[in-house]
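Working notes for the structure below.
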Amino acid sequence: MSKINKLISSNCGVIRPDSVEDYVKAGGYEGLKKAFTMTPEEIISEVKKAKLLGRGGAAYPAGSKWEQLLAIPEFPKYIVINADEGEPGTFKDKLLLSQDPLRVIEGMTISGHVFSSHDGYIYIRGEYRAIQKVFQSAIDNAVKAGYLGTNIMGTDFEFNIHIMTGAGAYVCGENSALLNSIEGKAGRPRIKPPHLAEVGLFLMPTLVNNVESIANIPTIVLDGGDKYLSYGTKDSGGTKLICLSGNAVNRGVYEIPFGVSLRDAIYDPEMGGGVPNGKKLKFFHLGGQSGPIGAEAQLDTMYCYKALRNAGLSVGSGAIVVMDEDVCVIDYLKGVTEFFIHESCGKCTPCREGNKQIYAILCKLSEGEATKEDMAVLKRMIDTMTNTSFCGLGQSAAVALNTCWKLFKAEFEDHLHKKCPAQVCFTEQERGE
Amino acid sequence: MCSKVTKDQALEIIGKYEKVLAIINKYGKAKEQLLSILLDIQCASGENYVAEEWAEVVACQLDLPISKVHDVLTFYAMFNIKPHGKYVIEICKSTPCHVTKADAVVKMFEEVLGIKLGETTPDNLFTLMHTSCVGACDIGPVAKIGDEVYGNLTAAKVAEVVTSYRGVSSCQK
Ligand SMILES: Cc1cc2nc3c(=O)[nH]c(=O)nc-3n(C[C@H](O)[C@H](O)[C@H](O)COP(=O)(O)O)c2cc1C
Ligand code: SF4
Ligand code: FES
């Protein structure tokens, strides 16, 4: 039996992305139609039953987030969709944005109805300029067909969607930085509280959800929360878009029900298809640069929020980057840390300076110059950054390093003695070959 | 000695000024459109950067302090404040591309273009740079030029891509 379950990606590659006609023929807008017959409370109750956890990385329960926003009396309320997708190894939102934008638009419109909101913003990263055009065309067609704008589907509900562009900054994926960026400012995170549900975009109550999260909404409304939950495990409702990259035979996006194993995701011929060129798998990186690293022994872990967490791993954004035996752990971590140095907004010291210190020590390791004392500094740096950084970027920047440290202690030791098992660091001479 | 601007130079400045104003007016002088405005100005510059004088025009038109515009220009990776080649070739260096040999791709481009990473070709046509993940990790190693992304790069493909940009006229192909 196929382990793939196409629920929210069923239209991708099948319909013309900006065609309302195609979308409706494929069953689109049935969710919105049904939503108009339901009260906001009823819709939120289905989202809660579905146990939809935020697909942007933090896995916050969508139903609770919606409930909190509904309880706030101020208006206007804004709907903001996070399509920044800056997490390396993650390209699943791109699939929906470019191949089924109307599903995202329908989800946003349903949330607009729930919160009596008139304006929704979708923040699409600048690197996806070409996709912004497709998305705009889908918006225009939805307006023309009466599914967006005024008098939506013959009701007196009005809702408009605006596309805002990013300009190359990973930190803008952090929800408060995202709002600053939409307001035309530099995307540095805001201090919280106040929470965005109370003081969000233009200082008004705001919902921030990920693209994949919102794309699930039409399905949840249409099928009901219980049915949606049944597609996954009892704690992780529904399906997840995973993105396979790195040293995997079949790189790409796959929609899986929660509950298949990591081994399935990486080795099943319908998904990852294993490691190319007959090489051995060395490790895999889950959820993006800010996520944990796992190895062979964890392959039989079930891919769902709970089982991964229990194994010290996590779903994160859904990224699965596969590394073969030729990849050096230290060299890999240097790449991860360089990313965080480049993407740190510089606002707080632990993140701004900590990443640089970690990088310097990793360089020393890869040059065979590191000492035992350096290792102690590294350990302290991990703790300090994790506990004292201002936002999620700095707090999670050392997760990969920390997990590698536990999994590959020997490889760190080897580098202290000028040995690199993957033969990436040092010259042959230095390695004494 | 007084510095003189020739008539042609003056006309060029006016032409650019009008182009910048048209971009700003298209977005309705709204402060939250600052990123879009600056990206469009950069694209229209022909040299892939936002010159100081246009940053000042934007600040003035949007009624923003110039420091706010500078803050944005220096915060986001996609903005340049110095002239670049007409086509900026950005090689993704994030780890999913790195493990599929992004370094080799940098070397291939360096060879074909005859420049090093960070440099611009003498004819001002190409600048070679690194970038963070562009969301095309399934086809790594990856290079991005304007809005186009090229993946699964090999030496032959790199040469082909570069050739396809020679002799093309606008900012985006
Ligand atoms: C540094 C950083 C980067 C993030 N990048 C993204 C992103 O690209 N896309 C996204 O949806 N969420 C991202 N997040 C998570 C968001 O802050 C937020 O939790 C999410 O958009 C909420 O939507 P959800 O509950 O539907 O997942 C990021 C968080 C941090 C700290
Ligand atoms: S942890 Fe601090 S420096 Fe790093 S991105 Fe967040 S706010 Fe900026
Ligand atoms: S890592 Fe290169 S495009 Fe994502």
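Note that the structure is predicted; figures quoted are calculated from it, not measured. Throughout, a chain's letter reflects where its sequence line sits, starting with A, and its residues are numbered from 1.
The most heavy-atom pairs under 4.5 Å with chain A, out of Leu35(B), Val69(B), Thr100(B), Val72(B), come from Leu35(B). Heavy-atom pairs under 4.5 Å with chain B peak, among Gly126(A), Gly86(A), Ala130(A), at Gly126(A). Among the candidates Gly346(A), Cys172(A), Gly168(A), Pro276(A), the residue making the largest number of heavy-atom pairs closer than 4.5 Å to chain B is Gly168(A). Ranking Ala167(A), Gly89(A), Ala248(A), Cys345(A) against chain B, the residue ahead of the rest is Ala167(A), based on heavy-atom pairs under 4.5 Å. Per-residue counts of heavy-atom pairs under 4.5 Å with chain B were compared for Gly187(A), Gly335(A), Gly252(A); the largest is that of Gly187(A).
Taking a 6.0 Å sphere around CG of Leu11(B), one finds it holds more than 12 heavy atoms contributed by other residues, nucleotides or ligands. Open room surrounds NZ on Lys16(B); 12 or fewer heavy atoms of other groups in view lie less than 6.0 Å from it. By the neighbour-count criterion of 12 heavy atoms within 6.0 Å, atom NZ of Lys31(B) is densely surrounded, having more than that number from other residues, nucleotides or ligands. Counting heavy-atom neighbours within 6.0 Å of Glu110(B) CD, excluding the residue itself, gives a total above 12. More than 12 heavy atoms of other residues, nucleotides or ligands sit less than 6.0 Å from atom NE2 of His118(A).
One finds the SG atom of Cys137(B) at 7.5 Å from the NZ atom of Lys94(A) (value rounded to the nearest 0.5 Å). Of the inter-residue distances, the one linking Phe91(A) atom CZ with Ile139(B) atom CD1 reads 9.5 Å to the nearest 0.5 angstrom. Going from atom NZ of Lys93(B) over to atom CD of Glu338(A) covers 3.5 Å, rounded to the nearest 0.5 Å. Residue Met78(B) holds its CE atom at 5.5 Å from CD of Glu127(A), rounded to the nearest 0.5 Å. The OG atom of Ser181(A) sits 9.5 Å away from the CG atom of Leu34(B) when rounded to the nearest 0.5 Å.
A heavy-atom distance below 4.5 Å is not found between the side chains of Asp138(B) and Cys243(A). Residues Cys133(B) and Tyr170(A) have side chains not in contact (no heavy-atom distance under 4.5 Å, counting atoms from C-beta outward). Glu32(B) places none of its side-chain heavy atoms less than 4.5 Å from the side chain of Lys185(A). Met323(A) places none of its side-chain heavy atoms less than 4.5 Å from the side chain of Thr95(B). Asp331(A) has its side chain within reach of His98(B): a pair of non-hydrogen atoms, C-beta onward, lies under 4.5 Å apart.
Here the closest non-hydrogen pair linking Gln289(A) and Pro96(B) is NE2-CD, 4.1 Å. In terms of heavy-atom proximity, Thr165(A) sits nearest to Ser36(B) at CG2-OG, 3.3 Å. Smallest separation of non-hydrogen atoms from Val171(A) and Phe75(B): CG1-CZ, 3.7 Å. Ser132(B) and Glu343(A) make their closest contact through OG-OE2, 2.8 Å (heavy atoms, listed as atom of the first residue, atom of the second, distance). For the pair Asp71(B) and Ala186(A), the tightest heavy-atom approach, listed with the atom from each and the gap, is OD2-CB, 3.5 Å. Between Leu39(B) and Gly166(A), the closest heavy-atom pair is CD1-O, 3.7 Å.
In this structure, the portion of Lys144(B) lying under 4.5 Å from any heavy atom of chain A is its side chain and not its backbone. If you measure heavy-atom distances from Glu183(A) to chain B, the contacts under 4.5 Å come from the backbone alone. Neither the backbone nor the side chain of Leu64(B) comes within contact range of chain A, judged by heavy atoms closer than 4.5 Å. Contact annotation for Tyr332(A): both backbone and side-chain heavy atoms come within less than 4.5 Å of a heavy atom of chain B. Interface remark: Val321(A) contributes side-chain atoms only to the contact with chain B (heavy atom separation under 4.5 Å). Within the 4.5 angstrom heavy-atom criterion, atoms from both the backbone and the side chain of Arg188(A) approach chain B. For Ala136(B), the parts lying under 4.5 angstrom from a heavy atom of chain A are both the backbone and the side chain.
A salt bridge links Arg129(A) with Asp40(B): the distance from a Lys NZ or Arg NE/NH1/NH2 to an Asp or Glu carboxylate oxygen falls below 4.0 Å.
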